[in-house]
Number of protein chains: 2
Amino acid sequence: MQSALRKFKASIFQALSHPTRIAIIDILRDGEISAGAILERLEVEQANASQHLSVLRAHHIVINRKEGNQVFYSLKNLRLVEVLDLMRVYFMEELNESVGMLAEIHQETPGVGKVTQKE
Amino acid sequence: MQSALRKFKASIFQALSHPTRIAIIDILRDGEISAGAILERLEVEQANASQHLSVLRAHHIVINRKEGNQVFYSLKNLRLVEVLDLMRVYFMEELNESVGMLAEIHQETPGVGKVTQKE
DNA sequence: TATATACATTCGCAATTACGAATATGCCAT
DNA sequence: ATGGCATATTCGTAATTGCGAATGTATATA
């Protein structure tokens with residue numbers, strides 16, 4: 001079965017393909033944190049955050065630990081952070097090269113001038 | 001607009017989140033190649049391959065060049081290959097750590113033993 | 001001009017995903 | 001036991017994605 005690996009890769013990309021899930025992973029860069037604290041930093045409904053955490057759990061991107069009332073999440077494999085950092089370089093190169101891509105892809109108002117490094 | 005970058009990142013991951021598109025990118029590692037030659041290496045319908053190429057084009061992951069009858073595709077930014085190579089390390093670590101993940105995620109028959117490096 | 005070749009696009013339709021509302025579960029305190 | 005938190009799950013629905021069949025569009029060749 002030659003394509004099983006590609007299916008797996010695709011499923012990981014799928015798990016990363018939502019802005020809220022990217023945001024969650026960014027939050028987890030700082031280390032373990034409770035689901036409630038994650039929710040505070042996201043502007044989404046509680047159920048929605050929980051659903052996205054569920055996706056990340058299903059793909060073993062995060063792990064969780066129960067402590068009394070709460071559930072603490074953390075990244076399972078820190079190598080993913082390396083990947084995302086390298087990806088950031090790619091993103092910046094692409095954004096600088098063709099300003100307006102965001103608009104093209106997401107039908108937003110196109111910006112003017114180069115994109116800077118700060119997030 | 002703080003989340004525009006994350007939307008963009010998510011949209012790139014979205015573009016990478018299909019096994020056929022991963023396969024196309026792998027083929028393009030060897031350099032420029034015609035749409036027809038890509039099709040030969042994929043076990044999908046012509047229209048389907050063209051649709052996947054369209055997605056990769058829309059996200060500026062590939063570029064194309066017309067020459068007479070044919071269309072030649074290539075990767076737009078080779079840094080993406082670096083990202084995918086690093087991702088491969090991540091994939092392998094994850095696959096080795098928990099064999100059976102493929103089965104869990106994709107409801108396939110679980111394999112036995114460690115996954116080896118060869119594709 | 002007609003026909004073929006290479007590729008892209010459109011059109012249903014089935015499957016998947018995303019979301020909020022509602023509900024459930026488990027743990028703590030009273 | 002009862003009620004309150006923290007979190008997860010289920011449900012209905014709207015939106016998006018993936019696919020093959022059919023069709024469209026260039027370009028080349030006869």
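Keep in mind that the numbers below use all heavy atoms, side chains included, and drop hydrogens, waters and symmetry copies. In what follows, every chain begins at residue 1, and chains take the letters A, B, ... in the order their sequences are listed.
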*Does any residue of residues 46-55 of chain A have a heavy atom under 4.0 Å from DNA chain D, and if so, which ones, in number order?*
Gln46(A), Ala47(A), Ser50(A), Gln51(A)
Could you state the atom-to-atom distance from [atom1] of [X] to [atom2] of [N] in whole Å?
X        : N       : atom1 : atom2 : value
Asn69(A) : dA24(C) : CG    : P     : 19 Å
Leu42(A) : dG20(C) : CG    : C1'   : 16 Å
Leu56(B) : dA8(C)  : CG    : P     : 11 Å
Glu45(B) : dG12(C) : CD    : C1'   : 16 Å
Gln14(B) : dT16(C) : CD    : P     : 15 Å
His18(B) : dT17(C) : NE2   : P     : 11 Å
His59(A) : dT16(C) : NE2   : P     : 13 Å

*How are the rings of Phe91(A) and Phe13(B) set to each other: parallel, tilted or perpendicular (split at 30° and 60°)?*
perpendicular
*Is it the case that more than 12 heavy atoms not belonging to Glu32(B) sit under 6.0 Å from its CD atom?*
yes
*asked:* For a quick check of understanding: with a heavy-atom distance under 4.0 Å over all strands, which category does Glu67(A) fall into, base, sugar-phosphate or nothing?
replied: nothing
*Counting any heavy atom closer than 4.0 Å, what does Tyr73(A) reach on the DNA or RNA strands: base, sugar-phosphate only, or nothing?*
sugar-phosphate
Heavy-atom closest contact ([X] atom, [Y] atom, distance):
X        : Y        : answer
Ala10(A) : Ile22(B) : CB-CG1, 4.4 Å
Arg57(B) : Asn64(B) : CD-ND2, 3.7 Å
Ala15(A) : Leu56(A) : O-CD2, 4.0 Å

*Mind checking the NE2-NZ spacing from His59(A) to Lys76(A)? Nearest 0.5 Å is all I need.*
13.0 Å
_Pairwise distance CG(Leu78(A)) to CG(Leu84(A)) - rounded to 0.5 angstrom_ = 11.0 Å
*asked:* Check the phosphate of dC7(C) against Arg57(B), side-chain N and O only, distance under 4.0 Å to OP1 or OP2. Yes or no?
replied: no
*Can you name the one residue among Val71(A), Ile38(A), Thr20(A) that meets side-chain contact (heavy atoms from CB on, under 4.5 Å) with Leu53(A)?*
Ile38(A)
_Quick check for you: name the first and last nucleotides of DNA chain D, 5' to 3', having an atom under 4.0 Å from a heavy atom of chain A._
dC5(D) to dT10(D)
*Please examine the side chains of Ile61(A) and Leu16(A), heavy atoms only from C-beta on, and report whether any two atoms are closer than 4.5 Å.*
yes
